[in-house]
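Since the structure comes first, as C-alpha cells, the remarks are kept for the end.
On a predicted model such as this, the values are computed, not experimentally measured, just so you know. Labels below follow one simple rule: chain letters A, B, ... track the order of the sequence lines, proteins then strands, and each chain is numbered from 1.
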Amino acid sequence: MNCDNLDPKVAALWAKKGTSSTGEPVWLPLLAHLIDTANVINALYNHCLSDGQRALLVSDGQDEESVRQTIQFIGFIHDLGKATAVFERKQSYDHNAELDQAVLEHLIRAGFTGLDTAVIAHKNESPHARAGEALLEKFGVSSTIGAIIGGHHGKPEKGPPKNDICDFTANYFQDDGNKLIQQKWQDVQKEILEFGLNYVGLNSVQELADFSQKQSVIVEGLLIMADWLASSEYLENNRSDHPLFPLIAVDETIANIDFDTRFKNAWLAWTTTDEPILQQIKTSNDPYFDFWHFHARKFQTLVTEAIDKAVDPSLVIIEAPMGAGKTEISLVAAQQLAFRQGEMGLYYGLPTQATSNAMFERIKDWLDQQSKKSGLKNSIKLMHGRAEFNESYRALPNATGVDNQSGAVVNSWFSGKKSILDEYVVGTIDNLLLFALKQKHLALRHLGMSRKVVVIDEVHAYDTYMNVYLDRALEWLGAYHVPVVMLSATLPAARRRDLVLKYYKGRFGAKKYLEEKEATNSWQKNIAYPLVTLLDGDRVQQFSETPTPEQRKQVEVELMSDELADLVSSVLEKTADGGVVGVIVNTVARAQAIGYELDGKAPTLVLHSAFVATERTKIENELLEKIGKNGQRPEKLVIIGTQVLEQSLDIDFDILYTDLAPMDLILQRVGRLQRHQNKRPKQLSTPQLVVMDGSFSHLGEFNEGSEAIYGRYLLMKTRYYLPQVLNIPADIPRLTQLVYDEVDDALNGEIDGLQEAKKKEAQVSAELEKKAGVYPIDPPSYVRNKSIHGWLDNPKAIFDDEMASRSVRNIVQDSIEVLVLKKDSEGQIFLLDGTKIVNENLHIQAKAIAMQILRLTVSSYKIIDTIKILEKFTRSQFPDWADNKWLRGALAIVLDEQNEVEVGGVRYRYSTKFGLTKERING
DNA sequence: AACAAAAAAAAA
Ligand SMILES: [Fe+3]
C-alpha cells in the first residue's frame, strides 16, 4: 500500500486513544485501524468461513471475487464515521488531557483549522456508526451496505439516515456554514473512501456487490468479529506477551507502522488452533468401531447409511428411546453432514447445565481422540452460565500454552459474546434459542451458528414458549443451509411435521413450503418408533426399524386414587418381599408428603428440585450406584420424586407409581421401569405401572397441582386412552398420537367437558405464544437486496443483554437463587456438609460456597423486597464476597441450628432428607 | 394462594 501521497490530514485522524500498560499515552491513527480491520476481515473471509457460508454469500448470483472485495471494503470503511469533526473532538475515556492535546496537535499540524475552538452543538448526535452510514449514503453506496456499517456496534438503524448530515452538519464538517472549513472534512472523507476502494482493487462504489438480508447478517457478523479482533491489542487481557494490534506511542504516526508485518504477526499469534477436522465417513468400515470400539447397532447403521445414501442431506430427526445410542449417531451424523455440506465445527444444545456437562465429557473425549490421531489442535467450549464450575473443562490445556501438542484445547479469545464463534461448542439450548431473539450483536451468533452443524438434544422436552424460539431458529438455520440433527423421544406427528416444515420454509422459501405443506404426504402423519425423518434436498424420507423381541415389553397398568393412604398400603403390600419402587409425582409438596408418610415404614429416598445443588448431586449419585446400570440394588427401597426422575437418569425400578400426567410423560417415566436385566422379587417379576389419579374416586376432579401444570385437556385424554396393558414400544407412538391428535376429539363424546377443556388449552398456548412472541426476530426475508435496517427493532425496546437472555424461558413462578450455609450456636459458619468456613480462606473455599445453590420460590409481589433483604444481609454478613470472582453478586441464607431461616415473612426449613419447605409467618 | 423443571448476564 502506498501512504506516501496521502493528505496529511487523513493520516492525522485518530481512531483510538488510551494508556499503555506502562502508563504512557498511546493512540491509533484512524487509517491504521481501517487497514488492520480490512486485513483481518479478508483473512476471516478466506480462512474462517465455512465453504457453506462462502457459497451462501454468492447464492444470489454474485461474483465470488467481487464479494470478497466488497467485504474487505466494508471492513476498511466501517469507521468512516470517525473521520468527522464530532468524533475527532471527543476526549479520551480517561480524560487524559496530555493525550488529548497531543492528538489534537497532530490534527492541527496536518492542516485542520479552528478545531480546538470549534463548538459542536449536538455532540451526542451522529454516533460514528450512523455517521459512517450517512457518509456512505452520500457517496452513493447501497443502503444494504450502509445498513451493515450503521449496525456494526450491534444494532442496525431503523432506516437510512437520510437527513442526519443536513440536520447536524457541524457534526460532520465542523461548521454549519463555512464552506472552507467544511471542505477540509469533505476532502478527507472522500480520500478515505478512495483509499479503501483502491486498497481492495475497485474503481468506484458502483462495482461493489450487493447482499440479501441473510447475506447481510453474515457480513455484519464478520465485520463485528473483525472489528473486535482488530481492536484487540493483545491476545490475552493484561498480558502483553502476544501482541495483536497494539496502539502506538502518541509521538508516532502511521509512517512508523509496517502494516504487512503487523498483520502477519497478529494473525500468527491469534490462530492458536487448527481448523475442524473434515473427513469422509466410510460406512464400509464401521465408524462406530473406529471411534468407540463397539460395533454399530442395527439402528445406528440404519441412520448412518441413510445419510450416506442421501444426495443432499440437511435435516435429520431421530426419535428413539434412551439407550438406543443416539449420541454416537449424532456425532457420526455431524461429521457426515459437515463433510457433505462444507461446514466447520459443531454446536450441541441440551436442555440443562447438568446434561450439557455430561455431554461435554463425551464430546471432549471424542474430539480429543480424533485431534490426536490427526495431530491437530482443536478448540472446544462448554457454553452455559456455570461452565467455569466444571472441573474437567477447566483442566483442559489452553491453546496458547501448548505449542506442539495435539488434542482438544480451550481458546480463551472466544469468550463472552464471541463464544459461539468457537469451533466445537457444547452447551445449553438457550444459546440456540437466543439465536432467534432480538438482541445486540445478534449477527455474531448468526455467524457462529451458520458455520457449524447444529445438534439439538431432547427436542421433546421443550415447552410451547421455548418452541416459539426453536421454530424461528430452525427457519433461519434452514435459510443458511445449516445441517441440523434433532434427537428426541417420540414426537406427536403434528410437532414433527412442524419442525420439518419450519426448516423447509427457511431453506426453500414460502412458495415451495406451502406446496409441501398442502401435499399432505405420508411422512406428515407416519406413526412409528424408533423413527428417522430425513430431509434430502426437498424430499422427506422416513426410516423405521422393527423391534427385536428383547426390546419388547408388556406393562400391566392399574389405576388408583391419589390418596396418600392408598399409596402407602399398596407400596407396603407390593414390597412385602422387597423391591425397588419408583414413585413419580407432579409436585414437590406431594413428594414431600409421601416421604413423610412412608418414613419409618420403608427405606425411602426423596428427590426433587428443592434441594441444594450439591446435595441433589449426592442423592443422584447414590441413586445411580444403587439402581443404575449394574448397580448394587438394595433389598428394599422406595424412591419418591418429581419430574427430575423423568429424564436423563439411567435408573431401573421394579415397579412404578406415577401421578396422572400427559401420555408422553407417563411413557417417558415408564422408560425407567425394568429397563435393565435385573433379578427382581417374585411379586414384581413382571413390569407393573400404577397410575394415581385424583379423578379415580371423584369423577372429573384431577389433582389440583397436576391440573395447574398440565391442563385438564391432556389429562382427560390421557386418562381416556390409558390401556390396561402397555405394549412397549409399539404403544409409545400410537398412544402419544391419540392424545395429541386433535382430529379425533369430535369422536370422543364420551369424555365429559372435553371440548371446554380443549378451548382452555388452546387459550393457554395462544397466550404463551403471544408472550414469547414479543422478542423473536422475524422470519428470514426473501425480498431481493432487503437491508438489515430495523432487523433488531423491538417494540418493547429491550436491549439489555440480561433481559434478553432471560426471555427465552417462560417464567411461571418467580424464584431467587441463593447460596445456603448454616451456623452453630456460636455463629460459626459451615457448608451443609459440615466444613467450617474460615474467612481467611475465602479464596480457597469460595468455589465450594458458590456451589451450594438453592432456588427459593417467592410470591411475585414479594420478590423485589425479598431480594433487597437478602442483598443487605449478604453485604453485612459476607462483605468479602463482593471482591470474589465466584461469589460476586451472590445472595446468601444461613440456616440456624434447627435448619431454619426467616426471610421476608416466610420461614424456610431445610431438611437433608426431604428438601426445602416453607411456611408463612403470621403478621 | 400456589404449581415442575429449568436458564441467563463487557465491548471495541
Ligand atoms: Fe472499529
Measuring from the side chain of [X] (C-beta onward, heavy atoms only), which nucleotide among [options] has the closest atom?
X: A:Arg809; options: B:dA5, B:dA7, B:dA11; result: B:dA7
X: A:Thr642; options: B:dA7, B:dA4, B:dA12; result: B:dA4
X: A:Ile811; options: B:dA5, B:dA7, B:dA11; result: B:dA7
X: A:Gln353; options: B:dA9, B:dA12, B:dA7; result: B:dA7
X: A:Ser231; options: B:dA6, B:dA12, B:dA9; result: B:dA12
X: A:Val644; options: B:dA11, B:dA12, B:dA5; result: B:dA5
X: A:Ala708; options: B:dC3, B:dA6, B:dA7; result: B:dC3
X: A:Thr352; options: B:dC3, B:dA7, B:dA12; result: B:dA7
X: A:Arg920; options: B:dA1, B:dA7, B:dC3; result: B:dA1
X: A:Gln813; options: B:dA5, B:dA7, B:dC3; result: B:dC3

Measure the distance from [atom1] on [X] to [atom2] on [N] and round it to the nearest whole Å.
X: A:Leu350; N: B:dA8; atom1: CG; atom2: P; value: 12 Å
X: A:Met466; N: B:dA7; atom1: CE; atom2: P; value: 9 Å
X: A:Ile853; N: B:dA7; atom1: CD1; atom2: C1'; value: 12 Å
X: A:Leu665; N: B:dA6; atom1: CG; atom2: P; value: 14 Å
X: A:Leu768; N: B:dA4; atom1: CG; atom2: P; value: 17 Å
X: A:Tyr710; N: B:dC3; atom1: OH; atom2: P; value: 13 Å
X: A:Ile429; N: B:dA5; atom1: CD1; atom2: C1'; value: 16 Å
X: A:Ile666; N: B:dA4; atom1: CD1; atom2: P; value: 18 Å

Taken to the nearest 0.5 Å, the spacing of A:Leu434 CG from A:Ile420 CD1 works out to 10.0 Å

Describe the nucleic acid contact of [X] in one word from base, sugar-phosphate, nothing, applying a heavy-atom distance below 4.0 Å.
X: A:Gln647; value: nothing
X: A:Gly385; value: sugar-phosphate
X: A:His608; value: sugar-phosphate
X: A:Val588; value: sugar-phosphate
X: A:Arg616; value: sugar-phosphate
X: A:Asn810; value: base
X: A:Glu707; value: nothing

Identify, between A:Glu802 and A:Ala610, the residue whose nearest nucleotide on DNA chain B lies closer to the 5' end. A:Ala610

Residue closer to the 5' end of DNA chain B, A:Trp413 versus A:Ala354 (nearest nucleotide): A:Ala354

Between A:Val426 and A:Lys381, does a side-chain contact (heavy atoms from CB on, under 4.5 Å) hold up when you go through it step by step? CA-CA 6 Å; A:Val426 184; A:Lys381 179 149 307 278; over 6 Å; no

side-chain N/O [X] vs [N] OP1/OP2, d < 4.0 Å:
X: A:Thr428; N: B:dA8; result: yes
X: A:His441; N: B:dA10; result: no
X: A:Lys417; N: B:dA11; result: yes

Inspect the surroundings of CG in A:Leu624 and state if more than 12 heavy atoms from other residues, nucleotides or ligands are less than 6.0 Å away. yes

Is a side-chain donor-acceptor pair under 3.5 Å present for A:His95 with A:Asp100? no

Centres of the A:Phe87 and A:His128 rings: under 6.0 Å? yes

Could you tell me whether A:His441 and A:Trp228 have their ring centroids closer than 6.0 angstrom? yes

Could you walk me through whether A:Asn96 and A:Lys17 pass the side chain to side chain donor-acceptor pair (under 3.5 Å) test, one step at a time? CA-CA 9 Å; A:Asn96 182 338; A:Lys17 294 194 268 196; over 6 Å; no

